Amino acid sequence: MSPLQVAMLRWYEANQTGISYGVGTAPVAICFDGASIWVANNWSNDVTQLRASDGARTGTYAAGSRPSAVSFDGANIWVVNKDGNSVTKLGASSGTYAVGTGPSAICFDGANIWVANRGSNNVTKLRASNGGWLANRSTGTGPSAICFDGANIWVANYGSNSVTKLRASDGALVGTYVAGIAPSAICFDGASIWVANYGNNNVTRLRASDGALMGTYAAGTSPSAICFDGTNIWVANAGSNDVTKLRASDGGWVGTYGAGTSPSAICFDGTNIWVANALGDNVTKL
């Protein structure tokens, strides 16, 4: 085989999709930092770092008890520790900071970290620079997902079938809007809020400006995670072991793709979709 053929083969193997990479036990959360994929492993109490280009494992880092969500703030990785009622910051200035009860989701607003506390029905706001506590704000029942739209924080309330909108600057309540049954994931596409409803196998689209319902679209069984790739909405369906792709412009179905066992988290790296398979102890790159 010529050097050119070898080089082409190596490129192909590194960039092919539809393959899976082993991580820790029960991966349930995933994010991208610009170069690496970070996976929170709920049962091995750690975080796996994979190189996005080829899936190679580049590190494993201890977290707290039952890590259940992960986020990147531009410099550091933040990990939610569900049973530790805390978040761990991994980076040059690492630390662990107390939040509410049973934290289950996390997001970054450009300056602060927001954590949804499923057990205490509120969110905690921390200063990203040093983990300093800033505020707690009430939500609906069982907040399970959270995202930022550039001005506001949106929280999906699993137990009350609703979404809470809070002003990011001060946490003031802006509104509460009806979602589907057991909303479990949420994302923003630049104009709309998309909510994955675990209990009725669909996603709800809300207008970000005022929370008005814009549509409801079928997904797979037990949708548990959602993300936006710049054009499309991707939904990980834990019950049907697949991923649904919807057109963001109108919610039209684009495709359904196989994932691993119980896909429970999803993210986009600028080129590929990554899915964390909770019962497969791996991640799939699409």
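Since this is a predicted model, take the numbers as computed values, not measurements.
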**Complete:** Heavy atoms of Lys89 and Ala128 approach each other most closely as NZ-O, 3.0 Å
**Identified ring-ring contact (aromatic ring centres under 6.0 Å, His included) counterpart of Trp234 within the set Phe228, Trp274, Tyr257** = Tyr257
**Message:** When you compare the side chain of Leu206 with that of Leu213, does any pair of heavy atoms fall below 4.5 Å?
**Reply:** yes
**Asked** Measuring from Asn122:CG to Asn117:CG, what's the distance to the nearest 0.5 Å?
**Response** 4.5 Å
**Complete:** Exactly one of Cys31, Pro27, Pro67 clears side chain to side chain contact (heavy atoms under 4.5 Å, CB included) with Val39, and that residue is Pro27
**Asked** Roughly how far, to the nearest 0.5 Å, is CZ of Arg167 from OG of Ser169?
**Response** 5.0 Å
**Side chain proximity check, Thr25 to Asn42, heavy atoms < 4.5 angstrom** = no
**Complete:** side-chain hydrogen bond (donor to acceptor under 3.5 Å, both in side chains) filter on Ser71, not counting sequence neighbours, yields none
**Message:** For a 4.5 angstrom cut-off between non-hydrogen side-chain atoms, does Val47 reach Asn41?
**Reply:** no
**Prompt:** At their closest point, which heavy atom of Gly132 faces which heavy atom of Asn130, and how far apart are they?
**Reply:** N-OD1, 2.9 Å
**Request:** Starting from the C-alpha separation in whole Å, work towards a yes-or-no answer on side chain to side chain contact (heavy atoms under 4.5 Å, CB included) for Trp78 and Phe72.
**Result:** CA-CA 6 Å; Trp78 292 77; Phe72 178 56; over 6 Å; no
**Message:** Is the positively charged end of Arg127 above the ring of Trp133, judged by distance under 6.0 angstrom from the centroid and angle within 45° of the axis?
**Reply:** no
Result block: side-chain N/O donor-acceptor pairs under 3.5 angstrom for residues 100-114, not counting sequence neighbours:
unit_1, atom_1, unit_2, atom_2, d
Ser104, OG, Pro143, O, 3.0
Asp109, OD1, Ala111, N, 2.8
Asp109, OD1, Asn112, N, 2.5
Asp109, OD2, Trp114, NE1, 3.0

**Message:** Within 45 degrees of the ring normal and closer than 6.0 Å to the centroid, is that where the cationic atom of Arg57 sits relative to Tyr21?
**Reply:** no
**Item:** side-chain hydrogen bond (donor to acceptor under 3.5 Å, both in side chains): pairs with one or both residues in residues 211-228, sequence neighbours excluded
**Value:** none
**Message:** Tell me every residue that passes side-chain contact (heavy atoms from CB on, under 4.5 Å) with Thr58, counting only those two or more places apart in sequence or in another chain.
**Reply:** Gln49, Arg51
**Prompt:** With a 4.5 Å heavy-atom cut-off, do Thr204 and Trp194 have their side chains touching?
**Reply:** no
**Message:** Do Val115 and Val80 make a side-chain contact, defined as non-hydrogen atoms from C-beta onward lying under 4.5 Å apart?
**Reply:** yes
**Asked** Can you name the residues that form a side-chain contact (heavy atoms from CB on, under 4.5 Å) with Thr96, not counting sequence neighbours?
**Response** Ser86, Thr88
**Message:** Tell me every residue that passes side-chain contact (heavy atoms from CB on, under 4.5 Å) with Ala259, counting only those two or more places apart in sequence or in another chain.
**Reply:** Val243, Pro263, Val275, Asn277
